[in-house]
Amino acid sequence: MASYPPAPPTGRFEMYSWLFMRVSGIVLLVMAVFHLLLMHYGIGVEQLNYQVVATRWGSPWWRLYDFFLLLLALTHGMNGARILMDEYLRAGGWRLVLKIVLSLLYLLLLVMGAWVIVTF
Amino acid sequence: MRVRFDIKRYDPEKDEAPYFQNYEVELGETDRVLDGLNEIRWRQDGTLTFRRSCEHGICGSDAMRINGRNRLACKTLIREVGRRVRIEPLLGFPVVRDLVVDQQRFFQDYRSVLPFLVNDDPPPPRERLQSPEARRRFDDTTKCILCAACTTACPSAWGNDSFLGPAAIVQAHRFIFDTRDHATVERLARLAGRCGVWACRTAYNCTMACPREIQVTRAIAEVKRAALLGGP
């Protein structure tokens, strides 16, 4: 094989990010629509109260379901915001600062949400 | 009929900012936009600057924004655009003068995807044979004339200077899906990053802009799949 100028270092992160957006998008569609239908028609908005949530979270499966809903929706949304920053901001100081803020916000919200689900 | 041309003009050495200049030309409805531009340059204003070469839709040098769409001036008839034609240079490249843009970046990206057949096997006595089915696999992307209409219509390419752009990916597709080629791994390595296929957001502007009617977005999707699966 002849030699060519080396390819720029790319890694596979962007590919997995792209794949994650597609897969999580489809999964979220199913999970979020199911959640919505259950809340609005299964239980009914007027019946929703603390007791309903407490009863539901008595089951570890519901906690798992809600944790995955949180994880997927938050990661999907935050990754989307990261991509927007890549496209709309020039590389450099401000983009880096905003991405760090975004990452911290992501971790904070994830930990807070998980904390509630696990320790309720 | 009298056709009015509103042409965006800019000479970086003289003008502070681009401006529109109007010309009126007598043309038939089966004349092309390029005939109007030639008429202006030859008989009205010799300073109007634009590229054209073969004038028959093959060389790809007269791509420009005609009434807001990227098209080849030599393939666009007056009856398709009406009595008022607004002409601007391709978006996203620095303007050299009037309708001539600096395509350095475009051709640098093109060269970076190794747009040539790579096969170090000793050549057979006559030719490297290929079945018609295998040839058909990349037939669509062989039609590219490198006019840059797709890349300069792409919002991701406008926003991201380092994105290779649809044209370079189309050229890569032409070789990635060629059974005679052996450099798929090298090419996919160049296309797999944030500056390659993953910067495509499937806006379909490229497909709409292509004067050769290449299914550009589809070709990009096929390269994405090849990158994901590690080969065509």
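Residue numbers begin at 1 in each chain, while the letters A, B, ... track the order of the sequences.
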With a 4.5 angstrom heavy-atom cut-off, is it the side chain or the backbone of A:Leu89 that approaches chain B, or both, or neither? neither
Expected contact set for residues 24-52 of chain A against chain B at heavy-atom separation under 4.5 Å reads none
My understanding is that only one of B:Thr141, B:Thr142, B:Ile145, B:Leu72 makes a side chain to side chain contact (heavy atoms under 4.5 Å, CB included) with B:Arg212; could you say which? B:Ile145
Test: B:Arg86 cationic atom under 6.0 Å from B:Phe20 six-membered ring centre, within 45° of axis: yes
By a 4.5 Å heavy-atom criterion (distance strictly below it), what part of B:Arg187 contacts chain A: side chain, backbone, both, or neither? neither
Are any of the side-chain heavy atoms of B:Ile7 and B:Leu37 separated by less than 4.5 Å? yes
Are A:Trp57 and A:Trp62 near enough that their ring centres are under 6.0 Å apart? no
Is a donor on one side and an acceptor on the other found under 3.5 Å between the side chain of A:Arg63 and the backbone of A:Val118? yes
Which atoms of B:Asn119 approach chain A - backbone, side chain, both or neither, heavy atom under 4.5 Å: neither
With sequence neighbours excluded, what pairs up with B:Arg51 under the salt bridge (Lys or Arg N to Asp or Glu O under 4.0 Å) test? none
How many angstroms lie between OG in B:Ser162 and CZ in B:Arg105, if you round to the nearest 0.5 Å? 6.5 Å
